[in-house]
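Heads up: the structure comes next, in structure tokens.
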Amino acid sequence: MTRLYTQYPAPKPWLSLPLDELPSPCFIVDESRLAANLAVLDSVQRRTGAEILLALKGFAMFSVFPLLSDTLRGTCASSPHEARLGRELFGGLVHTFAAGYSERDMEDILSVSDHVVFNSFAQYRRFRPMGEAAKAAGRHIEYGLRVNPEHSEGAVAIYNPCAPGSRLGIRPADFARGAAEGELEGISGLHFHTLCQQNADALERTVEAVERHFGRYMEGLSWINFGGGHHITREDYDVDRLCRVIESFRGRHPVTVYLEPGEAVALNTGVLKATVLDVVLADMPIAILDTSAAAHMPDVLEMPYRPDIIGAGQPGEKAWTCRLAGKSCLSGDVIAEYSFDRPLAVGDTLLFTDMAHYSMVKTTTFNGLELPAIARVPADGKPVVVKRFGYRDFLERLS
């Protein structure tokens with residue numbers, strides 16, 4: 001099959017694109033960069049037989065689903081709404097996991113999911129009868145369990161699913177008790193998710209821990225999901241090592257291996273366009289932007305991290321240093337400090353890089369701020385606005 005991404009040219013530099021034609025603030029996603037990432041991901045699938053799913057919690061820009069779905073095998077959902085989005089607009093496999101389900105959640109999830117993964121034996125016991133009824137009505141559904149190998153690789157506690165006290169996944173001792181009591185009956189697969197923006201060496205160590213604790217239960221299962229957090233499309237990622245880990249695992253356990261990166265799909269594919277509204281003086285110049293760290297790129301505050309800006313440097317590296325801040329009333333709505341070749345002025349445009357994943361799905365209307373528009377750059381290099389937001393989007397979230 002000819003992949004859609006083969007039709008795309010090499011990505012052009014961001015500053016060569018006519019981005020001044022787009023509104024501000026605006027998320028802008030370059031399809032040629034997505035295509036380049038898809039080529040890497042597809043090479044992993046072809047080499048190993050693994051299947052890669054799009055984690056919608058990281059990237060859910062459905063206007064580019066036709067491009068993604070030509071390569072990726074389906075989607076991973078964390079809620080009934082994501083599962084429905086995957087079924088209706090992406091297609092392929094819908095793999096759903098949540099830390100807990102309500103009866104209403106499960107009714108919706110069973111109608112659109114192929115794999116339903118439970119976070120505990122108790123949830124599996126509670127909802128299996130509903131699943132069996134859905135099967136009897138014609139739905140093909142497989143059950144899985146999320147496991148916690150008690151092996152931490154994450155450096156940031158808020159993004160570490162195996163941190164002490166984590167609520168995510170069944171721990172080895174609890175899994176052994178459940179297995180001894182016959183609670184694995186009807187289970188088709190296991191799911192673990194332990195990584196965050198990490199390389200294949202972290203996965204290799206995690207797989208060793210998973211096999212040590214849960215390998216004895218793999219017989220009779222048909223699949224395992226290695227979760228997300230794999231930075232497969234990052235320039236320094238060891239793709240060969242990833243492939244060896246997958247191939248080695250499949251050599252020991254004849255199952256389908258799934259990966260569910262969201263970030264790797266959209267890594268380095270998008271920017272956030274912002275505009276300077278004012279420059280005020282405090283202990284240093286502060287440029288007030290028409291965007292907000294708190295409302296439009298919350299990981300800047302949560303993780304925290306300092307996003308790169310095209311043409312900007314570290315404080316003191318260039319001629320003029322300032323602090324960049326959002327326009328909300330939150331005093332801590334500060335992005336970071338940067339330097340520029342000249343002082344910023346009202347109307348200047350800034351491009352924050354690597355903003356396609358997570359930022360777009362986490363935006364809020366805090367303070368009544370208008371959400372950034374969303375645009376894409378197709379193969380011809382002419383940006384297209386695919387979504388604008390306004391007062392109704394703010395109003396409809398309130399009561």
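In what follows, residues are counted from 1 in the order of the sequence shown.
- Between H253 and G215, the closest heavy-atom pair is CE1-O, 3.9 Å.
- The hydrophobic cluster containing Y338 also contains V279, counting ILVMFWY residues as joined when their side-chain heavy atoms lie under 4.5 angstrom apart, directly or transitively.
- Nearest heavy atom pair, residue K273 against residue L22, reads NZ-O, 2.6 Å.
- For the residue pair Y124/E185, the side-chain donor-acceptor check at 3.5 Å is not satisfied.
- Residue L34 is not grouped with residue Y358 when hydrophobic side chains (ILVMFWY) are merged at heavy-atom distances under 4.5 angstrom, including chains of intermediate members.
- Expressed to the nearest 0.5 Å, how far SG of C243 lies from CZ of R46 amounts to 13.0 Å.
- Here the two rings, on F192 and F226, have centers that are under 6.0 Å apart.
- Put simply, I109 and L89 are part of the same group of oily side chains (I, L, V, M, F, W, Y) that touch within less than 4.5 Å, one to the next.
- At a cut-off of 3.5 Å, with distance as the only test, no side-chain donor of W223 or E51 sits close to an acceptor on the other residue.
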Step-by-step side-chain contact (heavy atoms from CB on, under 4.5 Å) determination, L145 to Y217: CA-CA 12 Å; L145 294 170; Y217 308 110; over 6 Å; no
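- Minimum heavy-atom separation, I232 to P261: CD1-CG, 4.4 Å.
- Each of H230, H231, E263 was compared with Q197 under the side chain to side chain donor-acceptor pair (under 3.5 Å) criterion, and only E263 meets it.
- Defined by atom type and a distance below 3.5 Å, a donor-acceptor pair is missing between the side-chain atoms of D42 and T71.
- Using a 3.5 Å distance cut-off with no hydrogens or angles, the side chains of D105 and S102 do pair a donor with an acceptor.
- Considering NE2 of H193 and CG of L195, their distance stands at 6.5 Å, rounded to 0.5 Å.
- Side-chain contact check for V386 versus M61: some heavy-atom pair is nearer than 4.5 Å.
- In summary, the side chains of H95 and H191 do present a donor paired with an acceptor at a separation below 3.5 Å, with no hydrogens or angles considered.
- Ring pair Y143/F118 is tilted by interplanar angle, where 30° to 60° counts as tilted.
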